[in-house]
Amino acid sequence: MFKRNVRSAAALAMIGTLGAMGAAHAQEGDTQKLERIEITGTRIKSVGAESSSPILSVGKEDMSIKQPVAVEELLRGLPAAYPAIGPSINNGSNGTASIDLRGLGSNRTLVLINGRRFVPATLTGTVDTNAVPVSLLERVDLVTGGASAVYGADAVAGVVNFVTKRNFSGIEATTLYSTTSRGDGKRYKNDLTVGANLSDGRGNVVLHIGSTRTEPVRLGDRNYAGTVISSRTGLPGGYSQTAAPAVFQFPAPASATLSGDRVIDPATGLLRAGDGTTPPDGYNTNPPNYFETPLDRTQATALAYYRVNDNLEVYGDFFHNRSLVTLNLAPSGTFLQSFAVPIGNPYITPALRTQLCAAYGIAAANCVAGAAGTTEINMLIGRRFVEAGPRVYNYDNTSSQYTAGLRGDVPLLDGWSYDAYYQSGRADQQLTTGNGFSRSKVQQALRAFNTTSCSVTTGGCVPLNVFGQPGSITPEMLAFAAIPTFQTTRVDQRILAASVSGEVGVLKSPFARNPLSLALGYEDRKVTGGNASDNVVQTQGELLGSGSPTPDRSGVIKFKEAFVEANLPLAQDLPFVHSLNLGLGYRDTDFKTAVTSKTYNSWKAGLDWSPVRGLRFRGEQQRATRAPNVNELYAPVVTGLATVSADPCKGTAINAADAGKAGTLTNLCQQTGVPTGQIGFVPNPSASQAANTSGGNPNLGPEKADTTTIGLVWEPVNTAFSATLDYWRIKVTDAITAPTAGQVVDSCYNPLRNPGYSLNAFCQLIARNPTSGGLSGTGFSGINTQSSNQGLLVFSGVDVGMNYRFMLKAIGLDAGRLDFGLQLSLLDKADYKALPVLDTIGYAGHYGIDVGTPYTKRRFNQRTTWTYNDWTVGLAWRYIGESTVQTTGAANNVAGKFVKNYESIPDVNYFDLNVGYQVLKNLRVSVTINNLFDKQPPIVGTGIGPGASNYGNTFPSAYDVIGRRYTAALTASF
């Protein structure tokens, strides 16, 4: 506390001193008042402000070509942005939309609206960009580099600042309709914006309301995605072992004669070996899943300001959003959980009963149907409840945030201004599920001796038939076993901030005409987050097919920060020095949680040199930080699912002859939990999903990132051409990371990483299914992947930007003008190391189990727009470079190789065409064709990447899976 008081007092004293300097300068200097502006990337307001950080702006031309219904869609295709959670993520979505700059993770990208933070929508600290009103945007600024010294935590990969319209006056109404060339995926969007100036321009009020509704596109609606294709064979496969009819597995002693997967032969009624490669022995999960999730959204926004005088302007804004997002997953089922079933169960046929009695050694006297057959046998049952239809996850998201502030010129201090505001935001999410089923109710329903009543009749129990063909489970059976669930999440954010900005006249270089510019400020931010859910959701394995349970959690994170930013012109208007500026920044942070308190800092130092007008060199070195979020700190340790395409201990990969023999794979598999009776019969992970235990760590500290940007800006005088070239490098140390499940498995069983097949530290993170010896199922911890501050990320690359406006009359054509724009990103390095003892995984140019979505080395967007009188025609070219399957990490697993054709993805080109026409003075029509040539996504099968991003036999969030889309919009302005 004493240290903080000293720093605060010093800052106040400094403000007072600088104020006096500013006053002296005001008395001596020119009294002419010039407009000072604040640009994204700095808090300093100055005349002709420029940034030493690379800034990319997305303007109205880009928005008109894309015709997005959400800003996530607009930014997802930018070369500096990578796929994040959005409508193209189904199984793995949290019902929001987010942004991921540089592929470093959405939690390392800071999202602002008009230069101020927006309340996070999740416990991971990410903002739901569905809350941003597209029709109200003036532009979107992207600072692609660390900016923590200016904006605080989370600005590691960069900042996305949504800038809304200011001083809007009149009425603007827009309606949009969109559909694909196949007639699905329809979209409807309607917006109304009303604005008015007040008191001869002293103030302005803007009100905006909008509604958006989109319809889903299913995997089954596209011919290349309707069937799961195994990335390991190139053939239909990779099916789920929870099927219809059921797949069974039997523990000892039955495993001696009924090993591996077993299915009931409808012709004989007896169990036979299941192959798991083709239906009905395996289940094709693809058809009902969504390629594009539906959205039903309502937005309301209000912006206002009123300038009382030069020294006082009152301003405020209000953002409200409600969005309903629905996910569709394949039908639920028992997912090879272990159940106790009496041998007298009425749905066990006589032939099957005889076979089971022999396998379990049940005496003939007890091997009878009905109440006399009380002997219970344990079996793992994989029965898909296809009769119920898909699992449905409904996310109801609501966010509201208001800001009230004061700003203006500091009295008596020429060139000094202040800004102070209070902000309060709240985000709520309610998740309800449909077509989910209770494990305990299924167990109750299996303990039955007749078809009309259960042994325990509580709750109106109806006996359940898991032994029949599809259709054998009746609506009455489903109604009893069904169990709806709910979860709620709430995040509150409160910010109190104040800053001053101006010039210190007495601090001035003898070679420059402008003095030192300063910005100083203080921010107090408090984030409170937590979730609550019903008992079903909190109980491990109770909601069948739900993955990990969601125990209640809550936590508070507090930040108290003081910052200073300075820009000193070193020289101006000298030979070979048109301007030379030094930029500095420093931010001191106190970070507190319930169990820890840390003090750390971030800083920046930049140089901006323009040898002649039109050419500018810029460079900046920054220390950025990211504080752990509520989920990383407070998430309970739970067991869920992770992607593992193959088990090194599966089937004949191990043999009984090596049982107990040190230094063999078989012995290591036994040490990690393969029962002796299952040697040679261990199944592959069902649908490439393995049990995975993970959770929070309350002792986590902040990440540190050193970011470097070096580049140039070329804007030749008296031309309409501009170009930028920037090298960037981001190195994150103390990164909050965890090894992937694939890395743990690979580091344990791969002889290249564990030559002696010893029970190393990674092997000790693996616990197997005690019944099957596999990695799928429930009731055991599986693969443990806990978080720590031991990660390292090093990313680097080059960005190129070009813009040119060409008037066609220069070549004798009275035909308007052409505008060209190019944004090119070249990724040089993207290295990830979750733990010091793990190999570095090279993301650049690769995709795979550990890498995830393709990190292509070359990506660009090129835009050409022709404008003539009332016509505008725009063509956007999106290029995604080639990539290959990862060469480090889990790709080297002894499980085998991928299909040759699936080990690489060629480059992909997409074209979007837009035509706009001003029909009347107040009416404009715009038509867009996205994916003009109906380009199909690259096919790489399923299982070659994480399940959240690699499904439908491709990477839906990286490539266009929808196909050609037509969009028409009408805009009326009055």
Side-chain angles (χ1 to χ4, degrees), residues 241-274 280-281 333-384 439-458 461-474 476-477 480-481 675-678 680-681 683 769-773 777 779:
Q241 290 168 285
T242 298
V247 174
F248 299 89
Q249 292 175 1
F250 300 93
S255 57
T257 56
L258 297 176
S259 59
D261 289 353
R262 294 280 162 164
V263 296
I264 299 174
D265 189 325
T268 64
L270 296 174
L271 291 165
R272 62 165 175 81
D281 292 12
T334 54
F335 296 96
L336 290 174
Q337 290 207 32
S338 180
F339 294 93
V341 183
I343 198 66
N345 184 289
Y347 296 110
I348 298 177
T349 62
L352 177 58
R353 184 176 291 109
T354 300
Q355 187 180 21
L356 290 174
C357 288
Y360 280 92
I362 300 173
N366 298 322
C367 188
V368 294
T374 58
T375 302
E376 290 189 342
I377 58 176
N378 291 317
M379 60 180 73
L380 280 67
I381 304 174
R383 174 53 155 93
R384 183 79 58 167
R439 183 190 186 283
S440 60
K441 287 189 174 184
V442 168
Q443 176 62 82
Q444 181 184 354
L446 289 173
R447 285 191 167 114
F449 298 102
N450 60 67
T451 60
T452 59
S453 63
C454 307
S455 299
V456 177
T457 60
T458 305
C461 180
V462 178
L464 178 66
N465 181 8
V466 297
F467 302 98
Q469 296 293 307
S472 61
I473 298 180
T474 67
E476 293 75 19
M477 296 176 184
F480 169 73
T676 302
Q678 286 298 111
F681 304 107
N769 189 319
T771 302
S772 69

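FYI, the numbering just counts along the sequence from 1. What you are looking at is a predicted structure, and each value in this text was computed from that prediction instead of being measured.
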Are the side chain of [X] and the backbone N or O of [Y] linked by a donor-acceptor pair below 3.5 Å?
X: Arg447; Y: Ser455; answer: no
X: Gln355; Y: Leu271; answer: yes
X: Gln249; Y: Leu336; answer: no
X: Gln444; Y: Thr458; answer: yes
X: Thr375; Y: Ile343; answer: no

Compare every heavy atom of [Y] with every heavy atom of [X], then report the nearest pair and how far apart it is.
X: Val368; Y: Ala372; value: CG2-CB, 3.5 Å
X: Ser772; Y: Pro683; value: O-CD, 3.8 Å
X: Pro675; Y: Pro770; value: CG-O, 3.4 Å
X: Phe681; Y: Ser259; value: CE2-OG, 3.0 Å
X: Gly677; Y: Ser255; value: O-OG, 4.4 Å
X: Ser453; Y: Ala448; value: O-CB, 3.7 Å

Side-chain contact test, heavy atoms from C-beta onward, threshold under 4.5 Å: evaluate it for [X] versus [Y] and give yes or no.
X: Asp281; Y: Asp261; value: no
X: Thr771; Y: Asn378; value: no
X: Gln241; Y: Phe335; value: no
X: Phe248; Y: Val263; value: no
X: Leu446; Y: Ile381; value: yes
X: Leu270; Y: Asp265; value: no
X: Phe250; Y: Thr257; value: no

(request) Using the side chain to side chain contact (heavy atoms under 4.5 Å, CB included) rule, pick out the option among Val442, Val247, Thr242, Ile473 that qualifies with Arg383. (result) Ile473
(request) State which residues pass side chain to side chain contact (heavy atoms under 4.5 Å, CB included) with Tyr347; sequence neighbours excluded, sorted by chain then number. (result) Asn345, Thr451, Pro463, Asn465, Phe467, Met477
(message) Could you measure the distance from the CD1 atom of Ile362 to the CZ atom of Arg353? Nearest 0.5 Å is fine.
(response) 10.0 Å
(message) To the closest 0.5 Å, what do you measure between CD1 (Ile377) and SG (Cys357)?
(response) 7.5 Å
(message) Under the criterion side-chain contact (heavy atoms from CB on, under 4.5 Å), I'd like the reasoning laid out for Val341 against Ile348: C-alpha separation, chi angles, the key distance, then a yes or no.
(response) CA-CA 10 Å; Val341 183; Ile348 298 177; 4.2 Å; yes
(message) Run the ring-ring contact (aromatic ring centres under 6.0 Å, His included) test against Phe480 and tell me which residues pass, sequence neighbours left out.
(response) none
(request) Identify whether NZ of Lys or CZ of Arg in Arg439 sits under 6.0 Å from the centre of the six-membered ring of Phe339 and within 45° of that ring's axis. (result) yes
